[in-house]
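Below is one structure; the comments refer to it alone.
Nothing here was measured: the structure is a model prediction, and the numbers come from that model.
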Amino acid sequence: MRTDFIPVDYDYFDFEGKNHIRIIGRDRRGKRVCVIDSCPVYLWAVLSRDLGQSKIKDLMEKIKKIRLDSKGRQTRVEAVELHEKNFLGQRVKALKIFATNYKDLHDNADRLALPGIVNRRGYDLGFITHYIIERQIAPLQWYEIEGEIIDNSGEFGGIDQELQVDLCMKLQNHKRLEIPNFSPKVLTYDIETDEFKIGEGEILMISLVSEDFKKVITWKGSLERQRHEKPKADYVEYVKDEAELLKKFVYYVKKISPDFLVGYFSDGFDLPYLKTRATKLKVSLSLGLDNTQPRFFRGALPTGKISGIVHIDLMKFIQTAYSQYMQSETLSLNEVSREFLGDTKKDFKFKHSSKIKKEEWDSYFEYNLHDSVLAYGLFQKFWPDMLEFTRIMQEPIFSVSRNGMSNNVEDYIMHNLGRFNEIPEKRPIHDEISARMRREKYEGAFVFEPIPGLYEDVCIFDFTRFWPSIIVTFNLSRSSFSEKKAKDFLEVEVKGKRLYFSKKPEFFPQMLREIIEKRKQYKHELKEKPDAIKKARSNAFKLLANASYGYQGFFGARYYCPEASAAATSISRDFIKQTIDKINKAGYEVIYSDTDSVSFKLNNHTEKQALDLLKELNENLPGIMELELEGFFTRGLWVTKRTGTIGAKKKYALMGRDGKLKIRGFETVRRDWCHLARELQNRIIRLVLEDGNETRALQYLKEVVKKVKQREINREDITIRTMLQKPIEEYKAISPHVIAARKMREQKIPISGGNLIEYFIAETREKKKLVRDKVKLPDEKGEYNIEYYLKKQILPAVENILQVFGVNISEVIEGKRQTKLGDF
DNA sequence: GACTGAACTATACC
DNA sequence: ACGGGTATAGTTCAGTC
């Protein structure tokens with residue numbers, strides 16, 4: 001039997017003491033295919049350098065005799081081979097030790113604590129990762145496969161009988177096919193409940209959206225209508241109770257049989273809620289292709305897994321892959337949909353189902369359906385990215401869609417080690433992680449202290465891929481790092497300590513070099529002939545390159561190397577300072593610099609002259625380091641810190657030649673300031689940059705101050721939003737937003753870490769000193785506190801800006817006559 | 001009770 | 001537990017006078 005096949009979901013099982021992989025996927029006609037396969041399992045034992053031939057032979061004989069009785073499983077070392085390998089920069093002799101079952105590799109490793117063996121590695125990858133590496137059957141790539149059909153043959157304990165697939169086969173051969181596209185069958189879902197706390201309320205309705213399919217299943221709404229009328233909308237389907245609702249949900253999932261069941265924050269809400277209610281109501285939530293129920297894995301965030309159908313929670317992926325580009329201030333479905341789909345959630349004012357009026361149910365159904373419609377739209381939008389991420393990292397989409405970038409970097413490394421003949425390093429375990437977390441911070445990048453002022457004709461240069469280019473150019477990695485000096489080694493001094501790095505290209509910088517090359521190639525191809533896949537691929541490589549620096553400093557990394565990070569930042573400081581010096585010496589004046597960028601005054605030079613300088617600077621840069629033009633700006637504004645007269649770092653505003661603003665760090669870009677202050681500041685910055693003086697800005701400020709004093713500002717514009725970063729009880733300092741969160745909890749609004757808390761500062765009867773004593777929730781009665789909003793929101797937002805022009809703002813706000821320093 | 005610096009907290013920049 | 005360090009700034013907390 002031969003067919004084409006794309007692997008979607010990977011699982012494994014034991015049969016007769018051996019591991020078998022079970023891949024669920026599709027063929028090109030859309031038939032669901034299950035492939036059973038196995039592969040040799042092994043680990044590596046790195047041998048001591050001084051071990052002679054005969055000693056090695058003796059050791060191999062000894063290892064071959066290892067027998068294990070592991071949890072009732074009789075297993076043994078099946079074979080031992082001697083190999084020349086690379087391991088962390090060393091050329092080593094290593095034994096490849098084959099075992100019966102992957103689960104026993106750990107126990108085998110324990111038995112290998114023998115003289116002559118210095119390291120044991122490669123037993124902590126997980127069987128699925130091991131299998132993909134070993135057999136090169138990567139997820140979401142097309143293959144032509146050949147194998148033996150399993151059809152009621154009772155093989156593997158009759159695995160095919162309990163699986164709802166069209167074809168089940170045992171794999172013999174496979175060959176990669178170059179087909180870029182795959183259109184998965186997708187079903188999005190969303191539930192509505194009476195309580196937010198998992199399982200504590202009833203599930204009122206579930207919406208489902210797939211291609212040409214829209215459905216809201218509910219047991220709520222008018223009973224009369226159920227009996228006598230047809231529902232208003234044809235997508236609504238009534239069932240008799242909550243248990244029936246759950247059964248109907250399972251029925252439709254099975255009927256549509258999607259590759260992906262997709263939700264938004266569904267790992268944290270929808271799926272666990274469904275599971276909890278199903279257990280309570282004794283309904284089997286048998287969503288799996290083998291009729292099993294979802295399984296949950298506890299982590300920082302819980303994840304819900306369904307056998308054979310990949311459960312995808314879009315929120316996590318969007319956060320990892322897109323949040324750095326996003327304008328949205330939260331990851332809420334509403335904001336994310338507005339940004340990427342130009343659509344928002346439907347309006348519906350929540351209340352307990354017992355209080356919902358007969359005619360209100362229809363809009364609730366519509367609301368519920370639309371959430372699934374949005375999730376469906378978002379899935380389509382991000383599908384090319386998820387597809388390419390999965391293909392590049394070569395891990396199942398279930399993990400890739402949930403991974404952070406450090407995990408992605410590591411997956412990429414693990415699946416590419418083979419090309420470098422490299423033995424995998426082990427994952428740090430608990431003690432090691434805590435030791436790493438305790439380490440001292442290393443010194444970071446350089447930030448230049450600006451002189452506050454308004455500047456004309458500003459130019460900005462910045463280094464392209466700063467960190468990756470330093471790591472590649474100077475070969476900074478765990479494998480190349482050495483505490484001892486050797487011939488030709490790079491020497492970097494960090495905190496009085498000397499660090500050394502070999503110049504022999506090691507796999508980490510080499511891989512990074514390839515990632516950068518691939519990014520360039522796909523970016524180029526994208527420009528030639530744009531399509532979504534190329535765009536996604538190019539972007540994935542860009543993110544991978546950018547995450548590589550953080551990875552080496554991350555405590556959970558296999559290839560953790562804070563020395564490499566410290567060397568990278570040390571080198572970065574040298575280069576940026578050199579660049580600043582050179583620009584100044586060329587007759588320009590550097591205003592500001594942060595990490596990889598330099599802003600400077602043109603000082604009557606032309607743009608062409610600046611570009612010539614850029615070219616000259618580039619000619620003197622080593623390796624793949626590169627400086628580029630960020631842009632020319634008509635005006636730029638730098639302000640003082642709130643206290644004192646020194647220039648504030650990470651806070652500036654620029655106006656491009658096209659009149660577009662680039663604002664960094666100011667309150668206007670901070671979500672924990674009220675809109676009143678943010679919009680006012682934004683306007684003031686614009687006026688100041690456009691005019692080059694403060695006249696119009698001052699006038700505008702006075703208008704707003706007047707409105708505030710006359711209580712003409714909307715509640716929405718004085719609402720402050722602050723993230724509750726942890727559970728309420730864990731706060732040592734009780735700040736205003738903690739008070740607001742407590743008030744919400746008193747009102748039975750469920751609050752947990754990660755929620756955005758909204759409140760405003762109100763007038764109080766008695767004179768209260770602390771801000772937190774004036775906190776009110778947005779729907780509470782009360783008037784806003786004029787003094788607070790003037791002195792604590794407006795004043796700080798504009799004071800430093802107008803100070804640049806010598807205007808004392810507190811007098812404007814107090815209502816006194818404005819004075820300019822010039823008056824004196 | 002007013003004042004002051006440290007601690008805590010949130011969020012930005014690159 | 002699920003990238004790093006640098007930086008600003010508000011509010012509370014705890015100590016002093």
Side-chain angles (χ1 to χ4, degrees), chain A residues 298-301 303 316 319-320 324 329 399 402-411 427-430 432-434 436-437 439-450 462-463 465-467 543-544 546-557 560-562 564-566 568-570 572-573 576 592-597 630 639-644 646-652 662-673 677 720-726 730-739 756-757 761 769-775 788 791-793 796-797 800:
Chain A
R298 294 179 70 90
L301 288 167
T303 55
K316 181 71 193 168
Q319 180 175 26
T320 303
Q324 61 167 313
E329 284 173 6
S399 348
R402 288 170 174 78
N403 278 349
M405 277 315 291
S406 72
N407 258 313
N408 286 329
V409 171
E410 192 150 286
D411 285 343
R427 184 184 292 143
I429 48 165
H430 199 268
E432 174 125 41
I433 290 179
S434 33
R436 289 177 179 188
M437 287 172 85
R439 82 156 159 78
E440 244 182 279
K441 277 191 175 181
Y442 54 85
E443 190 182 343
F446 172 72
V447 189
F448 185 97
E449 186 192 302
D462 61 10
F463 282 93
R465 311 168 227 95
F466 198 42
W467 301 117
L543 289 174
L544 213 43
N546 288 342
S548 59
Y549 160 74
Y551 172 80
Q552 293 201 101
F554 166 52
F555 54 78
Y560 175 71
C561 187
S565 303
T569 56
S570 168
S572 86
R573 292 189 296 270
I576 203 75
Y592 182 61
S593 164
D594 186 349
T595 311
D596 62 350
S597 76
E630 221 282 315
V639 298
T640 60
K641 295 210 265 183
R642 283 279 292 151
T643 48
I646 65 166
K649 298 170 178 182
K650 299 188 185 286
K651 223 175 173 184
Y652 60 88
K662 182 184 168 111
I663 301 178
R664 293 292 121 100
F666 276 107
E667 286 73 9
T668 227
V669 299
R670 292 180 62 99
R671 70 164 177 214
D672 56 347
W673 283 70
I720 299 166
R721 293 172 185 82
T722 311
M723 172 88 81
L724 194 72
Q725 300 269 32
K726 53 191 177 190
E730 287 177 25
Y731 279 86
K732 288 179 193 163
I734 309 305
S735 44
H737 78 296
V738 177
I739 292 294
L756 207 57
I757 308 296
I761 305 305
K769 233 174 53 185
L770 296 178
V771 179
R772 67 173 177 211
D773 295 326
K774 303 171 198 165
V775 165
Y788 176 83
K791 287 197 177 158
K792 297 290 187 175
Q793 293 278 330
N800 304 342

Salt bridge A:Arg721-A:Asp672, side-chain N to carboxylate O under 4.0 Å: no

Sugar-phosphate, base or nothing in reach of A:Gly556, heavy atoms under 4.0 Å: nothing

side-chain contact (heavy atoms from CB on, under 4.5 Å) partners for A:Glu730, two or more places apart: A:Lys726, A:Pro727

Whole-Å P distance, C:dC2 and B:dA10: 16 Å

Sugar-phosphate only, base, or nothing, as touched by A:Tyr788 at under 4.0 Å among non-hydrogen atoms: sugar-phosphate

Sidechain-backbone polar pair: A:Arg573 side chain, A:Gly444 backbone, donor-acceptor under 3.5 Å: yes

Touch class at under 4.0 angstrom, heavy-atom based, for A:Arg670 against every strand present: base

Sugar-phosphate, base or nothing in reach of A:Phe463, heavy atoms under 4.0 Å: nothing

From CA spacing to verdict: salt bridge (Lys or Arg N to Asp or Glu O under 4.0 Å), A:Glu449, A:Lys641: CA-CA 11 Å; A:Glu449 186 192 302; A:Lys641 295 210 265 183; over 6 Å; no

Qualifying residues under salt bridge (Lys or Arg N to Asp or Glu O under 4.0 Å), relative to A:Arg664, sequence neighbours excluded: none

First of A:Asn800 and A:Leu770 reached from the 5' end of DNA chain C, by closest nucleotide: A:Asn800

Sugar-phosphate only, base, or nothing, as touched by A:Pro562 at under 4.0 Å among non-hydrogen atoms: nothing

Touch class at under 4.0 angstrom, heavy-atom based, for A:Tyr442 against every strand present: sugar-phosphate

Backbone N/O of A:Thr640 and side chain of A:Asn800: donor-acceptor pair under 3.5 Å: yes

Results of side-chain hydrogen bond (donor to acceptor under 3.5 Å, both in side chains) for A:Thr722 - residues two or more places apart only: A:Tyr759

Touch class at under 4.0 angstrom, heavy-atom based, for A:Arg671 against every strand present: sugar-phosphate

Terminal contacting nucleotides, 5' and 3', DNA chain B versus chain A (heavy atom, 4.0 Å): B:dC8 to B:dC14

Donor-acceptor pair, side chain of A:Thr569 and main chain of A:Glu443, under 3.5 angstrom: yes

Sugar-phosphate only, base, or nothing, as touched by A:Tyr731 at under 4.0 Å among non-hydrogen atoms: sugar-phosphate

Where chain A begins and ends its contact with DNA chain C, read 5' to 3' at 4.0 Å from heavy atoms: C:dA1 to C:dC13

Nearest-0.5 Å distance that lies between atom OG in A:Ser597 and atom CD in A:Glu630: 7.5 Å

Polar side-chain atom of A:Arg402 near backbone of A:Thr303 as donor-acceptor pair, under 3.5 Å: no

Pair pattern of DNA chain C in dot-bracket, where unpaired bases get dots and | marks partners in another strand, Watson-Crick or G-U under 3.5 angstrom: ...||||||||||||||

Sugar-phosphate, base or nothing in reach of A:Arg439, heavy atoms under 4.0 Å: sugar-phosphate

Touch class at under 4.0 angstrom, heavy-atom based, for A:Asp594 against every strand present: sugar-phosphate

Sugar-phosphate, base or nothing in reach of A:Thr722, heavy atoms under 4.0 Å: sugar-phosphate

Any side-chain donor near an acceptor of the partner, A:Tyr560 and A:Arg439, under 3.5 Å: yes

Sugar-phosphate, base or nothing in reach of A:Lys726, heavy atoms under 4.0 Å: sugar-phosphate

Under 3.5 Å: donor-acceptor pair, side chain of A:Arg436, backbone of A:Ala557: yes

Touch class at under 4.0 angstrom, heavy-atom based, for A:Lys641 against every strand present: sugar-phosphate

Sugar-phosphate only, base, or nothing, as touched by A:Glu443 at under 4.0 Å among non-hydrogen atoms: sugar-phosphate

